[in-house]
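Heads up: the structure comes next, in structure tokens.
Note that the coordinates shown come from a computational prediction; the quantities given were computed from them, not determined experimentally.
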Amino acid sequence: MPDKTSSDRSSTGDSSRWNLIGFIRRKQQASLAWRLIFVAMLWALVSLVFAGAILVALFREAGVNALDDRLEVHMTAIVSALAAEGDQQDLALRGIGDPRFSMPLSGWYWTVQRNDNILFESESLFGDKLKLEPMRGARELKRDIVGPAGRDLRVLQRRILFSGLQSVTIAVAGSTREVGESTASFAWQAAITLGALGLGLVAAIFLQVRFGLRPLNELQESLGRVRQGKEEEVQEKLPKELKPLAVELNALIHSNREVVEHSRTQVGNLAHALKTPLSVISNEARSSDDPLAQKVSEQADLMKGQVQHYLEKARMAAQRRVIGVSCEAAPVVTRMARAMEKIHRDKEPDISVEMDEALLFRGEQQDLEEILGNLLDNACKWCDKKVSVTLKNNNSATSFMCLIVEDDGPGLGAEEKKRALRRGQRLDETVPGTGLGLSIIVDIAGIYGGSFELCDSELGGLKATVILPSLTI
């Protein structure tokens, strides 16, 4: 039966691994800077790891070579002692080259053998012996073995033939402990040094990428200012790699404006081309009392209204697609409020205005005037005395502004408000005698990605709220 715990751990490990891979992929897709930094960091990490491994290997090789040189010196001393005249029985007592050959199990040993017979050996072997490999025709061998007391040794083994005597095998062994310790110490020092170097490289890469990509940020900010209407063109003072992109963006902006202007001209021409025949039909129909003429007049007026409505929608849609169009909202509100006071001077409405003067309407000024004109005119017609206009940032989205017009008139019932907004018709059609319609406000707000709603006002009448895209000066 499979181990459930092991399966869960395996699944958890796989999940964590895939989550990490997914995170890296998302970061690479989300940011060009992250992609450059990640690739550079990966390359630096791999390079430093390989460099560290090579340095440690070279250091260890140098340590082993130095140990081999010391063994070679001891080998020469033993061969010289064997070749010298005198009592060779005292050879083992001389401490060839290093006092450690006389210390029991010190890690440094030598031995002289003929065939399998030990002729001489160092006192450090302390009754143990070195295991030598058969020479098999070779004159010298260097190898690593495990010697007395389980220590790792480096052995230099050589076959020597003295004149008039049989050949002997001489072996000198030294402990590799010092090499291992020095290599480990060097590895730690190299890791710390290369780690510090790696951090420095990462910091340098980060600064390089941030500095190198700064022109892209400048291009983005410039394009944002154009979209917000603060500038008419993208700045072209960029590095030569990005300047062609800025030039093409400006060409696109100019082309967009030309297309919109052409569309406006065509819309105006179409409006004039249709209005004249419809006016002729209406005038001819009104000159007769025949029922058919009255029907024709009625339908002609309806056609004129529909043509005007949809041509206005086309005009607003074209304006919405103009890049870099905006206007200050506060002066428009002030100007429209004064205009309504003059238009409705017989009623003398008390129009109070509260607004954020730093707001920009991200659209055509005449569209904002159209909205304010309809709302203020309707509020002034149906108020008792007070009309309130409020312009502020929308709390739920800082890129939108909130335009509120309230009055203290009779207002509308809940069902009447729903029906008016749902049908998008004029209020004078939804509620007889109410005044100007809502269709143009609904259309403008919808085209700009905003919203329009009606509710009860704290003043006692109707409260109209329009959400429109905005900027802050």
How would you list all residue pairs meeting side-chain hydrogen bond (donor to acceptor under 3.5 Å, both in side chains) that involve residues 346-355, not counting sequence neighbours?
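For residues 346-355, and leaving out neighbouring residues, there are no side-chain hydrogen bond (donor to acceptor under 3.5 Å, both in side chains) pairs at all.
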
Can you run down the side-chain hydrogen bond (donor to acceptor under 3.5 Å, both in side chains) pairs that involve residues 400-410, sequence neighbours left out, and say none if there aren't any?
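Only Glu406-Ser457 qualify under side-chain hydrogen bond (donor to acceptor under 3.5 Å, both in side chains).
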
Does any pair with a residue in residues 240-254 pass salt bridge (Lys or Arg N to Asp or Glu O under 4.0 Å), and if so which ones, sequence neighbours excluded?
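For residues 240-254: none.
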
Among residues two or more places apart or on two chains, list those pairs meeting salt bridge (Lys or Arg N to Asp or Glu O under 4.0 Å) that have a residue in residues 47-61.
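As it turns out, there is no salt bridge (Lys or Arg N to Asp or Glu O under 4.0 Å) pair with a partner in residues 47-61 once direct neighbours are skipped.
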
Side-chain donor-acceptor distances from residues 188-215 under 3.5 Å, at least two apart:
{"residue": "Thr193", "atom": "OG1", "partner": "Gln189", "partner atom": "O", "Å": "2.8"}

If you apply the rule side chain to side chain contact (heavy atoms under 4.5 Å, CB included), what do you find for Arg362 with Ser470, and how did you get there?
CA-CA 5 Å; Arg362 190 147 45 92; Ser470 71; 5.9 Å; no

Quick check: are there more than 12 heavy atoms from other residues, nucleotides or ligands sitting under 6.0 Å from CE of Met355?
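Atom CE in Met355 is packed in, count exceeds 12.
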
Taking CZ in Arg335 as the centre, count heavy atoms belonging to other residues, nucleotides or ligands within less than 6.0 Å. Is the count above 12?
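Result for CZ/Arg335: enclosed.
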
Heavy-atom side-chain proximity of [X] to [Y] below 4.5 angstrom:
X      : Y      : value
Ser47  : Leu45  : no
Ile444 : Leu368 : no
Asp152 : Val146 : yes
Lys392 : Ile404 : yes
Val333 : Leu372 : yes
Arg338 : Thr334 : yes
Leu55  : Phe186 : yes
Leu459 : Ser388 : yes

Just to verify, what does Phe361 make a ring pair (Phe, Tyr, Trp, His ring centres under 6.0 Å) with, not counting sequence neighbours?
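Residues passing ring pair (Phe, Tyr, Trp, His ring centres under 6.0 Å) with Phe361: Tyr448.
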
Between atom [atom1] of [X] and atom [atom2] of [Y], what is the distance when rounded to the nearest 0.5 Å?
X      : Y      : atom1 : atom2 : result
Lys381 : Leu376 : NZ    : CG    : 12.5 Å
Ile441 : Leu454 : CD1   : CG    : 8.5 Å
Glu364 : Glu369 : CD    : CD    : 10.5 Å
His344 : Cys380 : NE2   : SG    : 5.0 Å
Glu370 : Met336 : CD    : CE    : 8.5 Å
Met401 : Leu360 : CE    : CG    : 9.0 Å

Shortest non-hydrogen contact from [X] to [Y]?
X      : Y      : result
Leu375 : Ala464 : CD2-CB, 3.7 Å
Phe400 : Gly449 : CE2-O, 3.6 Å
Ala246 : Leu238 : CB-CD1, 3.8 Å
Tyr109 : Ser106 : OH-N, 3.8 Å
Thr183 : Val179 : OG1-O, 2.6 Å
Pro410 : Trp382 : CD-O, 3.2 Å

Would you please name every residue forming a side-chain contact (heavy atoms from CB on, under 4.5 Å) with [X], sequence neighbours left out?
X      : value
Glu178 : Arg70, Arg100
Asp69  : none
Leu245 : Leu219, Leu249

Is there a donor-acceptor pair closer than 3.5 Å between any side-chain N or O of Ser255 and the backbone N or O of Ala251?
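Checking the backbone N and O of Ala251 against the side chain of Ser255, no donor-acceptor pair under 3.5 Å is found.
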
Determine whether a donor-acceptor pair (N or O, by modelled atom type, separation under 3.5 Å) exists between the side chain of Thr465 and the backbone of Glu453.
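Such a contact is absent between Thr465 side chain and Glu453 backbone.
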
Whether Glu181 and Arg177 form a salt bridge (side-chain N of Lys/Arg under 4.0 Å from carboxylate O of Asp/Glu) is what I want to check.
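Result for this pair is yes, salt bridge flagged.
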
Could you go step by step and tell me if Val389 and Leu403 meet the side chain to side chain contact (heavy atoms under 4.5 Å, CB included) rule?
CA-CA 7 Å; Val389 181; Leu403 176 63; 4.2 Å; yes

Assess the residue pair Leu391 and Leu359 against the criterion (side chain to side chain contact (heavy atoms under 4.5 Å, CB included)); give the C-alpha distance rounded to whole Å, side-chain angles, the decisive distance to 0.1 Å, and a yes or no.
CA-CA 8 Å; Leu391 179 67; Leu359 289 176; 4.0 Å; yes

Taking only residues two or more places apart in sequence, or in another chain, which ones meet [X] in a salt bridge (charged side-chain N to carboxylate O under 4.0 Å, His left out)?
X      : answer
Asp456 : Lys417
Glu233 : none
Asp68  : Arg154

Set out, in order, the CA-CA distance, both residues' side-chain angles and the distance that settles side chain to side chain contact (heavy atoms under 4.5 Å, CB included) for Ile351 and Glu341, then state yes or no.
CA-CA 8 Å; Ile351 303 177; Glu341 289 177 346; 3.6 Å; yes

